[in-house]
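Below: the structure, in C-alpha cells.
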2 protein chains.
Amino acid sequence: MDFEHANALNQAIRLLSLRHRARAASLLAPLGLHTGQEALLLELDRTGPMIQAQLSEALGCEPPSVTLMTRKLEAGGHIRRTPAPSDKRASIVELTDSGKALVDQVKQLWCALAEETVGGPPAETVADLPGILKTLTDNVDTKRPTTQAAPARSSAVRSPTKTF
Amino acid sequence: MDFEHANALNQAIRLLSLRHRARAASLLAPLGLHTGQEALLLELDRTGPMIQAQLSEALGCEPPSVTLMTRKLEAGGHIRRTPAPSDKRASIVELTDSGKALVDQVKQLWCALAEETVGGPPAETVADLPGILKTLTDNVDTKRPTTQAAPARSSAVRSPTKTF
DNA sequence: CGACGATAGTTAAGCACATAACCAATGTGT
DNA sequence: ACACATTGGTTATGTGCTTAACTATCGTCG
C-alpha cells in the first residue's frame with residue numbers, strides 16, 4: 001500500500017476518534033458524565049454487578065483506568081463498591097438507583113449519537129459498520145492472541161434486516 | 001435505531017480508537033515519538049512550513065495541544081520554530097533535517113500500520129473505508145457547519161482502482 | 001504446612017486531548 | 001487617531017488513558 005492511502009486511512013481513524021469522542025463528551029456533559037464513564041455504566045447495566053477486573057476486560061482498558069473511573073462514579077453516587085465476600089482483594093461494583101436512572105438517559109443519548117454518526121448518504125453498508133470496525137480493531141489489537149480474527153466479521157453483526 | 005445497534009456502533013468506534021492509538025503508540029515508541037506527534041510531522045512534510053494556527057486546523061485539534069506538541073518536538077530537535085516576519089504574534093514551524101529523516105521512518109510505520117489495520121478478510125470495501133470514516137467524522141463534527149456533508153462521500157476518495 | 005507465582009487493586013508519573021482565561025499583536029471602523 | 005473586536009499563542013487546569021512499581025490476597029505445589 002502506498003503512503004497516500006495509508007495516511008488517508010490512519011488519519012481518518014484518528015479524526016473519527018477525536019470527533020466521536022468530542023461529540024460524546026458534549027452530549028454526556030449535561031448529565032455530569034465524562035467520556036468513558038458511560039461505557040462503564042452501560043456495561044454494568046448490561047451484565048449486572050461485576051468485579052473491577054471484569055470491567056477492565058469488558059471495557060478494553062487497563063485496571064488503573066477503571067480504578068479512577070469507578071472512584072469518580074462512586075463519588076458521584078452512580079455506582080457502589082462493596083468488598084467481595086469470597087475474595088478479600090476484589091470489590092464488586094454495581095449501579096445505584098441514581099446510576100440506573102442515569103443509564104436510561106445515557107441509552108437515549110447513545111442512540112442519538114449513533115444515528116447522528118451514521119446519518120446521511122451511506123445507508124447501504126451501515127449495517128456492516130460495527131463488524132468492519134471490529135475487524136479493524138482486532139487487526140490492530142495486540143493483546144488478543146488473534147483468536148477468531150477471520151470469523152469475527154460475520155459473527156454477531158448480521159442483523160436480520162439491514163434497515164436501521 | 002434500537003439501543004443494541006447503537007451501542008454496537010459506538011462501542012466499536014470507541015474500541016477502534018483505543019486500539020489503533022495504542023498500536024500506533026507502540027510502533028512510534030522506538031522512534032521516540034508519542035501518538036499525535038506523527039500527524040504533526042507528516043502534515044508539516046506534506047504542506048511545508050506553516051503557522052501553528054494552520055497546524056491546529058489541519059490536525060483537527062485545539063491550539064493548546066499544538067503548543068505542547070510543538071514544544072516537545074522542538075525540544076527533541078525535530079522541528080524549528082521561528083518568529084514570523086510579517087506577523088509578530090505568529091511563529092512559523094518547519095521540519096529540521098532530523099525531523100525530515102524521522103518523517104521517512106514514520107511513513108514506513110504508517111504504511112505498515114494501515115496494512116495491518118485493513119489486513120485480513122474484508123478486502124472488498126477496504127477502498128471505501130477512508131471515505132466511510134470521513135463521512136462518520138463529518139456527521140459527528142460539530143465545528144464544521146455541515147458544509148458539503150453529502151458530497152463528501154464521493155469526493156476525493158474514489159480512487160481509480162479499488163485494489164490497494 | 002510454608003514458599004511462591006498469579007491475581008485484584010492502588011499509587012505515581014506521563015502523554016494527548018479539552019476548555020477557560022489571559023496576553024500580545026493585528027486590523028478595521030468611525 | 002483611537003477604540004475595539006479578532007486572531008495567534010500561551011498558561012492553568014482537568015479528563016481519560018497508559019505503563020511501571022507496589023501491596024495484599026489467593027492458589028497451588030513441594
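A, B, ... follow the sequence lines: proteins, then strands. Residue 1 opens every chain.
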Would you give me the side-chain donor-acceptor pairs under 3.5 Å for residues 31-42 of chain B, sequence neighbours excluded?
residue: B:Gln37; atom: OE1; partner: B:His34; partner atom: N; Å: 3.0
residue: B:Glu38; atom: OE1; partner: B:Gly36; partner atom: N; Å: 2.8

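For C:dA16, the OP1/OP2 oxygens have no side-chain nitrogen or oxygen of B:Ser65 closer than 4.0 Å. For D:dG8, neither phosphate oxygen OP1 nor OP2 lies less than 4.0 angstrom from any side-chain nitrogen or oxygen of B:Ser56. For A:Ser91 and C:dG9, the shortest distance from a side-chain N or O to OP1 or OP2 is below 4.0 Å. Phosphate contact (OP1/OP2 of C:dT10, side-chain N/O of A:Thr67, threshold under 4.0 Å): present. For B:Arg14, a side-chain nitrogen or oxygen approaches OP1 or OP2 of D:dC17 to under 4.0 Å.
Summary of the strand contacts: A:Arg89 and A:Pro63 both lie near DNA chain D, and taking for each the nucleotide with the nearest heavy atom, the more 5' one is attributed to A:Pro63.
In the hydrophobic clustering of this structure, B:Leu59 groups with A:Phe3; members are Ile, Leu, Val, Met, Phe, Trp, Tyr whose side-chain heavy atoms approach within less than 4.5 Å, directly or through other members.
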I'd like to know whether A:Asn10 forms a side chain to side chain contact (heavy atoms under 4.5 Å, CB included) with B:His20, so could you lay out the CA-CA distance, the side-chain angles of the two residues, the decisive distance to 0.1 Å, and finally the verdict. CA-CA 9 Å; A:Asn10 288 329; B:His20 189 265; 3.1 Å; yes

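If you take CG of A:Asp87 and C1' of C:dG9, they are 11 Å apart, rounded to a whole angstrom. Straight-line distance from the CG atom of A:Leu18 to the P atom of D:dC17: 14 Å, rounded to whole Å. Rounded to whole Å, the distance from CG on A:Leu68 to P on C:dT10 is 9 Å.
Heavy atoms of other residues, nucleotides or ligands lying less than 6.0 angstrom from CD of A:Glu4 number 12 at most.
For A:Arg81, the side chain to side chain contact (heavy atoms under 4.5 Å, CB included) partners at least two apart in sequence or on another chain are A:Gln52, A:Thr70, A:Arg71, A:Glu74, A:Ser91, A:Val93. Under the rule for a side chain to side chain contact (heavy atoms under 4.5 Å, CB included), the partners of A:Gln54 that lie at least two apart in sequence or sit in another chain are A:Met50, A:Ile51.
The heavy-atom pair separating A:Cys111 from B:Ala6 by the smallest distance is CA-CB, 3.6 Å.
The side chain of B:Lys88 lies closest to C:dA25, out of C:dT11, C:dA25, C:dC17. Each of D:dT25, C:dA16, C:dT26 was ranked by its minimum atom distance to the side chain of B:Lys72; first place goes to C:dA16. Comparing atom distances between the A:Pro64 side chain and each of D:dT19, D:dC17, C:dG9 picks out D:dT19 as nearest.
Of the residues in residues 42-53 of chain B, those with a non-hydrogen atom less than 4.0 angstrom from any atom of DNA chain D are B:Ile51, B:Gln52, B:Ala53. Residues from residues 74-85 of chain A that place a heavy atom under 4.0 Å from any atom of DNA chain C, listed by number: A:Arg81. Of the residues in residues 32-41 of chain B, not one places a heavy atom less than 4.0 Å from an atom of DNA chain D.
For the atom pair CZ (A:Arg19) and OG (B:Ser17), the distance works out to 12.5 Å, reported to the nearest 0.5 Å. Atom-to-atom distance recorded for A:Glu116:CD and A:Leu109:CG is 10.5 Å, nearest 0.5 angstrom. Taken from CD in A:Gln11 to CD in B:Glu43, the straight-line distance is 7.5 Å, to the nearest 0.5 Å.
Side chain of B:Asp2 to main chain of B:His5: a donor-acceptor pair is present (N/O by atom type, distance under 3.5 Å, no hydrogens or angles).
Counting only N and O atoms by type, the side chains of B:Arg23 and B:Ser26 include a donor and acceptor under 3.5 Å apart.
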